[in-house]
Amino acid sequence: MLRKIGRRTEIKQDKTGLEVPPGQFVTDRFPVLSAGPTPRIDLADWRFRVFGLVRDEIEIDWEQFKALPSVTTDAEFHCVTQWSDLKNTWAGVLFTEVLKLVEPSPTAKFVMAHSYGGYTTNISLDVLSDDDVLLAYKHDGEDLAPDHGAPLRLVVPKRYAWKSAKWLNGFEFMAKDRPGFWEVRGYHMEGDPWKEERFG
Ligand SMILES: Nc1nc2c(c(=O)[nH]1)N[C@H]1C(S)=C(S)[C@@H](COP(=O)(O)O)O[C@H]1N2
Ligand SMILES: [Mo]
């Protein structure tokens, strides 16, 4: 089914009426897409850092992270290689909960997500502060699989999935935007699937 919005954009819907961004097709599978090998992470050694333009930088371990309030949310997932998995249930900690642990400087406008293995991706603080952004450790009721980012991944439903960094281990608060792993290689700095912002 097609619904016209604006002059040019046509938004498709899947069988259940969920909207699909332009140029995407729907899959029920949950493919794995990684730029490198899956890092082996021992929970005992796992650390999460928040640093850069914040008043108090923090470094917490898995036990401290799991003690934070958790939520369960449903979200869609759109890969820039054109598959969309519209139904995912994530459990984890809201980004806004992490914000409470540090005091971002008023000059902080962007965040670089950092991962085990060296992957990075940049997102504006504004987009991350949305109430649907979470640091997830469960997918569809199960602990996150290693290939899908265990023990912890970022989930940013309103951006292409390359912004949902797997094996997340930190946030760097920044005044100016800076390209991450894929953004350096030509992917869009914002990556909004509804505007089809695939390449910069
Ligand atoms: N650390 C890390 N995170 C990553 C990637 C990656 O290569 N490394 N790939 C991204 C891309 S392009 C996509 S589509 C999603 C895929 O998540 P999945 O493998 O769990 O489906 O993870 C994103 N997060
Ligand atoms: Mo992707």
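Whatever order the structure lists them in is the order used to number ligands and atoms, beginning at 1.
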(message) Could you tell me if Ser124 and Asp126 have a donor-acceptor pair between their side chains, going purely by distance under 3.5 Å?
(response) no

(message) Any donor-acceptor pair under 3.5 Å linking the side-chain atoms of Lys166 with those of Ser34?
(response)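 Judged by distance alone, the side chains do pair up.
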
So, are [X] and [Y] salt-bridged, with charged N and O less than 4.0 Å apart?
{"X": "Lys163", "Y": "Glu183", "result": "yes"}
{"X": "Arg29", "Y": "Asp85", "result": "no"}
{"X": "Asp61", "Y": "Arg47", "result": "no"}
{"X": "Lys158", "Y": "Asp130", "result": "yes"}

Any N/O of [X] closer than 3.5 Å to an N/O of ligand 1?
{"X": "Leu33", "result": "yes"}
{"X": "Trp83", "result": "no"}
{"X": "Pro31", "result": "yes"}

Residue-level breakdown please: for [X] versus ligand 1, do any non-hydrogen atoms fall below 4.0 Å on the side chain, on the backbone, on both, or on neither?
{"X": "Phe30", "answer": "side chain"}
{"X": "Tyr187", "answer": "neither"}
{"X": "Ala35", "answer": "both"}
{"X": "Phe77", "answer": "side chain"}

(message) Please report whether the ring centroid of Phe171 lies less than 6.0 Å from that of Phe95.
(response) yes

(request) Name the orientation class of the two ring planes belonging to Phe77 and Trp90 (parallel below 30°, tilted from 30 to 60°, perpendicular beyond 60°). (result)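 Geometry flag for Trp90 against Phe77: tilted rings.
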
Which ligand 1 atoms does [X] reach within 4.0 Å, using its non-hydrogen atoms?
{"X": "Ser115", "value": "1 (N)"}
{"X": "Ser164", "value": "22 (O), 23 (C), 24 (N)"}
{"X": "Ala165", "value": "3 (N), 24 (N)"}
{"X": "Trp167", "value": "1 (N), 2 (C), 8 (N)"}

(request) Measure the CG-CH2 distance between Leu152 and Trp167 for me, rounded to the nearest 0.5 Å. (result)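 Between Leu152 CG and Trp167 CH2, I get 12.5 Å after rounding to 0.5 Å.
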
[atom]: which protein heavy atom is closest, and how many Å away?
{"atom": "atom 22 (O) of ligand 1", "result": "Arg153 NH2, 3.3 Å"}
{"atom": "atom 14 (S) of ligand 1", "result": "Cys79 SG, 3.3 Å"}
{"atom": "atom 11 (C) of ligand 1", "result": "Trp162 CA, 3.7 Å"}
{"atom": "atom 23 (C) of ligand 1", "result": "Ala161 O, 3.2 Å"}

(request) Pick, from Tyr116, Tyr119, Phe181, the option with the minimum heavy-atom distance to atom 8 (N) of ligand 1. (result)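 When every heavy atom of Tyr116, Tyr119, Phe181 is considered, Tyr119 comes closest to atom 8 (N) of ligand 1.
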
(request) Closest by any non-hydrogen atom to atom 3 (N) of ligand 1: pick that one out of Arg29, His148, Lys166. (result) Lys166

(message) A side-chain contact here means heavy atoms from C-beta on lying under 4.5 Å apart; do Thr89 and Thr73 qualify?
(response) no

(message) Against the six-membered ring of Phe181, is Arg185 placed for a cation-pi contact (under 6.0 Å from the centre, within 45° of the normal)?
(response)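 Geometry flag: set, cation within 6.0 Å and 45°.
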
